[in-house]
A.B. asks: 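Structure provided below as structure tokens; questions to follow.
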Amino acid sequence: MIPVTVDTRRARAQATIDAYCRCANEVPYNEVLIDLLTDLMHWTDGNGLDFKHAVDHAEFHHDAEVQS
């Protein structure tokens, strides 16, 4: 498996935000980010997942990747 780079992660995040902007008819990134996170919270609730655990785990990965 080829490791995912920080640049790849940024590009994927940008593509996701851009797609969400089109779906939500919103442009300001700060508002889009808040709405996307809120929707993901509802999605995790509906799928029996723990949003806060996912965020904690993601933060662990982020910190490790930034320090590399």
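Sequence positions, counted from 1, serve as the residue numbers for this chain.
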A.B. asks: When rounded to the nearest 0.5 angstrom, what is the spacing between CD in Glu59 and NE2 in His62?
C.D. replies: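 The NE2 atom of His62 is 8.5 Å from CD of Glu59, to the nearest 0.5 Å.
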A.B. asks: Give the cluster check for Ile34 versus Trp43: same hydrophobic cluster or not, with ILVMFWY residues linked at side-chain heavy-atom distances below 4.5 Å.
C.D. replies: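 As far as the 4.5 Å side-chain criterion goes, Trp43 and Ile34 are not connected within one cluster.
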A.B. asks: When Ile, Leu, Val, Met, Phe, Trp and Tyr are grouped by side-chain heavy atoms lying under 4.5 Å apart, directly or through other members, which residues fall in the same group as Val4?
C.D. replies: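 Under the 4.5 Å side-chain rule, Val4 groups with nothing.
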A.B. asks: Working to the nearest 0.5 Å, report the span between CG of Leu40 and CG of Asp45.
C.D. replies: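 Rounded to the nearest 0.5 Å, the CG-CG separation comes out at 11.0 Å.
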A.B. asks: Return the minimal non-hydrogen interatomic distance between Tyr20 and Val32, and the atom names on each side.
C.D. replies: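 The answer is CD2-CG1, 3.5 Å.
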A.B. asks: Can you tell me how far NZ of Lys52 sits from CG of Asp56, rounded to the nearest 0.5 angstrom?
C.D. replies: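 Taking CG in Asp56 and NZ in Lys52, the distance rounds to 8.5 Å.
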A.B. asks: If I take atom CE from residue Met41 and atom CG from residue Leu36, how far apart are they, to the nearest 0.5 angstrom?
C.D. replies: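 Taking CE in Met41 and CG in Leu36, the distance rounds to 10.5 Å.
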A.B. asks: Could I get the full list of side-chain contact (heavy atoms from CB on, under 4.5 Å) partners for Ala13, not counting sequence neighbours?
C.D. replies: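 Ala13: no side-chain contact (heavy atoms from CB on, under 4.5 Å) contacts found.
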A.B. asks: Is it true that Tyr29 and Leu37 fall in one hydrophobic cluster, defined by side-chain heavy atoms closer than 4.5 Å?
C.D. replies: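 Yes.
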A.B. asks: Tell me, yes or no, whether the heavy-atom count around His61 atom NE2, taken from other residues, nucleotides or ligands under 6.0 Å, exceeds 12.
C.D. replies: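 Yes - once you tally the heavy atoms of other residues, nucleotides and ligands closer than 6.0 Å, there are more than 12.
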A.B. asks: Are the side chains of Val6 and Arg9 in contact, using a 4.5 Å heavy-atom criterion?
C.D. replies: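 A side-chain contact under 4.5 Å is absent here.
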